Novice: 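Below is a structure I'd like to ask you about.
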Amino acid sequence: MPELPEVETVVRMIRPRLEGRAIGAVDVRWQRTLGGSSARRFAQGVRGARIRRGWRRGKFIVMDLARAGRPAGWLVGHLRMTGRIQVESRSVDPGPYQRLSLGLDDGRTMHFVDPRKFGRIWFTRALDELLGPLGPEPLSEEFTPGWLHAALHARRRLLKPLLLDQTFVAGLGNIYSDEALHASRLHPLRRSDRVSAEEAARLHASIRSTLRRAILREGSSFDGFYRTPEGQPGSYQDEFRVYGRAGEPCPSCGAPIQRIVVAQRGTHLCRRCQGRPSRRRGAATLSAR
DNA sequence: ATCCTATCCTGGCTGC
DNA sequence: TGCAGCCAGGATAGGA
């Protein structure tokens with residue numbers, strides 16, 4: 001699923017094809033891709049605008065738009081689970097899952113393709129309404145071990161759902177949360193306010209190294225969905241230590257990887273390496289789906 | 001404050 | 001072979 005490393009890869013690849021281009025024809029094939037906005041309003045916002053710069057915030061793809069050299073709102077995309085962005089010459093058929101297409105002034109077309117229809121593309125003049133709630137970028141200078149420790153103690157949440165919460169830290173999803181927790185030897189059911197400064201520092205380092213390594217590998221592909229805009233799979237799935245490896249031996253200690261369900265998400269861990277969950281009042285949130 | 005469930009969606013899988 | 005039913009998952013809304 002596209003998480004921070006996949007979205008970063010997409011942005012790096014589409015930037016050179018989109019920056020400087022002006023948007024022409026707007027073709028909306030699935031209304032709800034626009035997230036409630038009307039096709040007319042969307043088209044008015046983007047048609048004729050020029051893309052100045054493309055960048056990433058969390059799992060959002062952001063394109064600064066301009067008209068006559070002046071800022072004119074933003075084109076924002078979120079791939080959710082199965083969204084893809086392809087920039088192709090006009091003759092290339094985007095296939096049956098085409099949801100939205102934007103003509104470009106170099107004769108090419110940017111397609112948003114999304115089998116499961118969860119992805120969204122917005123035009124907005126108030127970028128902060130979309131990005132404002134996000135927590136810090138985990139690869140930014142703002143994200144420090146000290147900040148993480150304090151932030152963990154400001155909440156009383158289980159680690160796994162907290163890492164998935166985009167208002168806590170932006171960009172982690174199910175895969176990289178599991179991988180980072182394993183690398184830091186912390187159980188996904190540990191309570192955030194009971195994590196020591198040393199453990200928080202470990203988690204901080206693990207989140208960063210996992211994401212950086214995954215970016216180098218252009219993300220993870222394993223279910224046929226995620227592909228780079230070049231159409232190539234990423235390769236970080238070859239380095240998964242726990243995700244999707246239930247029953248296989250832990251690469252650190254050899255004990256079998258377990259799969260539990262936390263916050264409705266498949267969660268993978270090594271019980272030997274990652275210790276025990278924090279004791280909670282009442283029964284645990286552990287259910288075997 | 002935090003948790004849980006349902007919702008949005010479809011392709012792929014399981015089991016009959 | 002065909003088909004019903006379940007499952008995955010990011011984000012969010014609403015209820016407990």
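Every value quoted in this text rests on a predicted model; they were computed, and no experiment measured them. Side chains included, hydrogens not; waters and symmetry mates left out as well; all remaining heavy atoms used. Naming: A, B, ... by sequence-line order, numbering from 1 per chain.
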Novice: In terms of ring plane angle, is the pair H78(A) and F60(A) parallel, tilted or perpendicular, where the classes change at 30° and 60°?
Specialist: perpendicular
Novice: Knowing that exactly one of I260(A), L164(A), L181(A) qualifies, which makes a side-chain contact (heavy atoms from CB on, under 4.5 Å) with T267(A)?
Specialist: I260(A)
Novice: Taking the side chain as everything from C-beta on, heavy atoms only, tell me whether H182(A) gets closer than 4.5 Å to S252(A).
Specialist: yes
Novice: How many whole angstroms separate atom CG of L79(A) from atom C1' of dG9(C)?
Specialist: 14 Å
Novice: Which stems, defined as runs of 3 or more consecutive Watson-Crick or G-U wobble pairs with both pairing distances under 3.5 Å, involve DNA chain B?
Specialist: B:2-16 with C:2-16
Novice: Calculate the interatomic distance between D114(A) atom CG and dC9(B) atom P; express it in whole Å.
Specialist: 10 Å
Novice: For the pair W147(A) and F143(A), name the ring-plane relationship: parallel under 30°, tilted 30 to 60°, perpendicular over 60°.
Specialist: tilted
Novice: OP1 or OP2 of dA8(C) sitting under 4.0 Å from any side-chain N/O of Y243(A)?
Specialist: no
Novice: Hey, are Y236(A) and E6(A) close enough side-chain-wise for a donor-acceptor pair under 3.5 Å?
Specialist: no
Novice: Find the distance L189(A):CG to dT2(B):C1' and express it as a whole number of Å.
Specialist: 15 Å
Novice: Tell me which one of R191(A), R190(A), R185(A) satisfies salt bridge (charged side-chain N to carboxylate O under 4.0 Å, His left out) with E199(A).
Specialist: R190(A)
Novice: Starting from C1' on dC3(B), measure out to CZ on R156(A) and report it in whole angstrom.
Specialist: 13 Å
Novice: Whole-Å distance between dC4(B) P and D165(A) CG?
Specialist: 14 Å
Novice: Tell me if the side-chain of R116(A) makes a donor-acceptor pair with the base of dA8(C), cut-off 3.5 Å, by modelled atom types.
Specialist: yes
Novice: Mind checking G119(A) for me? I need base, sugar-phosphate or nothing, with any heavy atom below 4.0 Å counting as a touch.
Specialist: nothing
Novice: What is the distance, to the nearest angstrom, from the CZ atom on R32(A) to the P atom on dT7(B)?
Specialist: 13 Å
Novice: Does the side chain of V262(A) come within less than 4.5 Å of P161(A)'s, by heavy atoms?
Specialist: yes
Novice: Any luck finding a side-chain donor-acceptor pair between S192(A) and R157(A) under 3.5 Å?
Specialist: no
Novice: Measure the distance from CG on L163(A) to C1' on dG9(C) and round it to the nearest whole Å.
Specialist: 17 Å
Novice: When you check every protein heavy atom under 4.0 Å of nucleotides 10-16 of chain C, what one-letter string (B, S, -) results, 5' to 3'?
Specialist: BB-----
Novice: Can you check whether W122(A) reaches L34(A) side chain to side chain, under 4.5 Å on heavy atoms?
Specialist: no
Novice: Within the structure, does a side-chain N or O atom of Y97(A) lie under 4.0 Å from either OP1 or OP2 of dG11(B)?
Specialist: yes
Novice: Ignoring backbone atoms, establish whether R157(A) has a side-chain N or O less than 4.0 Å from OP1 or OP2 of dC3(B).
Specialist: yes
